[in-house]
Q: 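I am attaching a structure below and will ask some questions about it afterwards.
Owing to the predicted nature of the structure, the values given are computational and were not obtained by experimental measurement.
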Amino acid sequence: EPDSEAASAESGRHATIHALMPKKEVIESVWSTFLRPLHTNSLFASALIERDGKNAFPLSSVQQVVWLDQILHPQAPIYNIGLAWKISGPLDRSLLQRAINSVANRHESFRMLLSAHDELARQSYLKHINLALPVHDFSGQPDADQAARHHMHQAFSQPFDLKDGLLWESQLVISSPDCHYWLLRHHHLMTDGFGLALIVHAVADAYNALASENEALADGASYIDFIA
């Protein structure tokens with residue numbers, strides 16, 4: 001016969017877990033809000049990568065968990081990951097922008113979009129992107145470094161809209177002519193902490209390669225080949 005106190009405690013844990021779960025109607029409401037046709041423009045569809053006649057692919061099991069939790073808490077930046085990389089000394093801003101786009105076009109996760117197909121969330125990938133690098137210059141302010149850090153904190157705390165656009169952003173924040181911060185903000189659906197470290201090194205390598213007029217960098221492994 002099971003111990004009554006242990007059984008009671010176990011029952012209590014299940015009751016607590018059950019109480020924390022969203023109600024079915026809440027999930028259905030959020031689901032229906034997200035699962036509407038998002039990318040119906042034929043020109044947009046032609047810009048997507050295809051495999052075996054498909055341009056939309058299922059989320060992995062891990063992505064499904066993250067996605068569902070995020071759409072249940074759309075205003076919470078709980079899956080934002082990133083960093084602010086301090087760069088001391090002179091910096092070629094246009095070269096950094098080219099390096100970021102170079103890496104983004106060699107790794108498919110940078111070009112991931114979410115959409116709805118057959119009442120299920122799907123991921124699609126743009127063939128190519130060319131993004132501007134927003135610059136925020138606080139060097140003229142009395143406490144420039146503090147202002148720069150405050151801006152980065154506010155920017156990083158913004159939630160992603162999973163229904164609209166790419167799942168990452170990059171900014172250049174300036175506190176003095178010789179002090180720059182490269183701010184990266186990514187959603188966990190497209191990368192993780194280890195991947196973030198690889199991204200930083202890949203962009204640094206691309207920047208140095210472009211500076212030496214050598215753009216012969218290898219493409220990354222295909223994530224689409226993994227999920228398709």
Side-chain angles (χ1 to χ4, degrees), residues 47-49 51 63 77 79-113 123-141 143-158 160 165-227:
L48 297 175
I49 295 174
R51 287 288 189 279
Q63 285 178 313
Y79 291 106
N80 286 12
I81 61 174
L83 55 79
W85 190 272
K86 186 175 182 179
I87 304 170
S88 300
L91 176 71
D92 188 326
R93 302 177 194 176
S94 64
L95 212 59
L96 178 60
Q97 176 177 308
R98 288 175 58 195
I100 293 168
N101 280 302
S102 172
V103 171
N105 285 306
R106 288 188 286 113
H107 297 275
E108 293 157 348
S109 62
F110 282 88
R111 292 170 274 135
M112 181 175 75
L113 301 169
Q123 52 191 327
S124 300
Y125 295 85
L126 293 168
K127 295 176 182 177
H128 182 81
I129 60 175
N130 184 22
L131 303 181
L133 176 64
V135 177
H136 302 273
D137 191 346
F138 296 92
S139 60
Q141 298 193 16
D143 193 347
D145 198 68
Q146 182 61 33
R149 290 173 181 270
H150 176 74
H151 167 80
M152 290 188 289
H153 177 78
Q154 294 297 316
F156 187 80
S157 300
Q158 297 302 308
F160 284 95
L166 300 171
L167 300 180
W168 67 282
E169 73 157 347
S170 182
Q171 300 181 19
L172 187 63
V173 182
I174 304 171
S175 63
S176 77
D178 291 322
C179 183
H180 303 75
Y181 294 97
W182 175 37
L183 177 65
L184 288 168
R185 183 174 68 100
H186 295 244
H187 196 280
H188 192 33
L189 279 167
M190 66 153 289
T191 192
D192 56 18
F194 181 73
L196 190 65
L198 296 178
I199 289 167
V200 171
H201 287 288
V203 172
D205 289 343
Y207 181 92
N208 292 330
L210 290 168
S212 62
E213 299 184 352
N214 175 21
E215 299 187 40
L217 296 171
D219 289 340
S222 173
Y223 185 62
I224 295 179
D225 289 345
F226 172 73
I227 63 175

Q: Salt bridge (charged side-chain N to carboxylate O under 4.0 Å, His left out): which pairs involve residues 185-199, sequence neighbours left out?
A: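 Only Glu169-Arg185 qualify under salt bridge (charged side-chain N to carboxylate O under 4.0 Å, His left out).
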Q: Please find the pair of heavy atoms, one from Leu167 and one from Phe160, that lie closest to each other, and give the distance.
A: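 Nearest pair, atom of Leu167 first, then Phe160: C-CE2, 3.5 Å.
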Q: Measure the shortest side-chain to side-chain distance between Leu210 and Asp92 over non-hydrogen atoms and say whether it is less than 4.5 angstrom.
A: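 No, their side chains stay 4.5 Å or more apart.
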Q: Does His201 have any side-chain hydrogen bond (donor to acceptor under 3.5 Å, both in side chains) partners at least two apart in sequence or in another chain, and if so, which?
A: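 With sequence neighbours excluded, His201 shows a side-chain hydrogen bond (donor to acceptor under 3.5 Å, both in side chains) to no residue whatsoever.
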Q: Provide the closest heavy-atom pair for Phe138 versus Ala147 in the form atom of the first, atom of the second, distance.
A: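 Taking Phe138 first and Ala147 second, the nearest heavy atoms are CD2-CB, 3.8 Å.
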Q: Taking all heavy atoms of Tyr125 and all of Glu108, pick out the closest pair and write down the distance.
A: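 Heavy atoms of Tyr125 and Glu108 come nearest at CD2-O, 3.0 Å.
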Q: Ile100 vs Leu131, test: side-chain contact (heavy atoms from CB on, under 4.5 Å). Steps then yes/no.
A: CA-CA 9 Å; Ile100 293 168; Leu131 303 181; over 6 Å; no
Q: What residues, two or more places apart in sequence or in another chain, satisfy side-chain hydrogen bond (donor to acceptor under 3.5 Å, both in side chains) together with His187?
A: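 Scan of His187 (side-chain hydrogen bond (donor to acceptor under 3.5 Å, both in side chains), adjacent residues dropped) gives Gln70.
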Q: May I have the step-by-step check of side-chain contact (heavy atoms from CB on, under 4.5 Å) for Tyr207 and Ile87, ending in yes or no?
A: CA-CA 13 Å; Tyr207 181 92; Ile87 304 170; over 6 Å; no
Q: Under the salt bridge (charged side-chain N to carboxylate O under 4.0 Å, His left out) definition, can you give me all pairs with a residue in residues 145-154, not counting sequence neighbours?
A: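 Salt bridge (charged side-chain N to carboxylate O under 4.0 Å, His left out) check on residues 145-154 returns Asp145-Arg149.
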Q: I need the Ser109 OG to Leu189 CG distance, nearest 0.5 Å.
A: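 Nearest 0.5 Å value for the OG-CG distance: 11.0 Å.
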Q: If we only count heavy atoms from C-beta on, is the Phe110 to Val103 side-chain gap below 4.5 Å?
A: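 Yes, side chains in contact.
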Q: Would a 4.5 Å heavy-atom cut-off, applied to side chains only, mark His186 and Ile199 as touching?
A: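 Heavy-atom side-chain distance check passes, below 4.5 Å.
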Q: Keeping Asp178 on the side-chain end and Ser88 on the backbone end, is there a donor-acceptor pair under 3.5 Å?
A: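 The answer is no, because no donor-acceptor pair under 3.5 Å joins these two groups.
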Q: Just how far is it from atom CD of Gln123 to atom CE of Met190, taken to the nearest 0.5 Å?
A: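 One gets 11.5 Å once the value is rounded to the nearest 0.5 Å.
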Q: If we ignore hydrogens and angles and just use 3.5 Å, is the side chain of Gln97 paired with the main-chain N or O of Arg93 as donor and acceptor?
A: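 The answer is no, because no donor-acceptor pair under 3.5 Å joins these two groups.
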Q: Provide the closest heavy-atom pair for Ser175 versus Ala144 in the form atom of the first, atom of the second, distance.
A: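 Residues Ser175 and Ala144, closest heavy atoms: O-CB, 3.2 Å.
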Q: Examine distances only and state if a side-chain atom of Gln171 and a backbone atom of Pro134 form a donor-acceptor pair shorter than 3.5 Å.
A: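 Checking the backbone N and O of Pro134 against the side chain of Gln171, no donor-acceptor pair under 3.5 Å is found.
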Q: Determine the minimum heavy-atom distance between Ser176 and Ile174, stating which atoms define it.
A: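 It is O-CG2, 3.3 Å.
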Q: With side chains defined as the heavy atoms from C-beta onward, is the minimum distance between Leu113 and Leu166 less than 4.5 Å?
A: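 In short, these two side chains touch, coming nearer than 4.5 Å.
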Q: Closest approach of Arg106 and Ala202, non-hydrogen atoms and distance?
A: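 Closest pair (atom of Arg106, atom of Ala202, distance): NH2-O, 4.3 Å.
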Q: Taking the side chain as C-beta and beyond, is there a heavy-atom pair between Arg111 and Ile49 under 4.5 Å?
A: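 Contact flag for Arg111/Ile49 side chains = yes.
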Q: With side chains defined as the heavy atoms from C-beta onward, is the minimum distance between Asn105 and Asn130 less than 4.5 Å?
A: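 The answer is no; the side chains never approach within 4.5 Å.
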Q: So how far is it from Leu183 CG to Phe156 CZ, rounded to the nearest 0.5 Å?
A: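 Between Leu183 CG and Phe156 CZ, I get 8.0 Å after rounding to 0.5 Å.
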Q: Calculate, to the nearest 0.5 Å, the distance between atoms NE2 and NE2 belonging to His136 and His151 respectively.
A: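 The NE2 atom of His136 sits 4.0 Å away from the NE2 atom of His151.
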Q: Listed by chain and number, what are the side-chain contact (heavy atoms from CB on, under 4.5 Å) partners of His153, not counting sequence neighbours?
A: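 In terms of side-chain contact (heavy atoms from CB on, under 4.5 Å), with neighbours along the sequence ignored, His153 is linked to Ser157.
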Q: Can you list the residues that meet the side-chain contact (heavy atoms from CB on, under 4.5 Å) rule with Val200, with sequence neighbours excluded?
A: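 Counting only residues at least two positions away or on another chain, Val200 forms a side-chain contact (heavy atoms from CB on, under 4.5 Å) with Leu83, Trp85, Trp182, Leu184.
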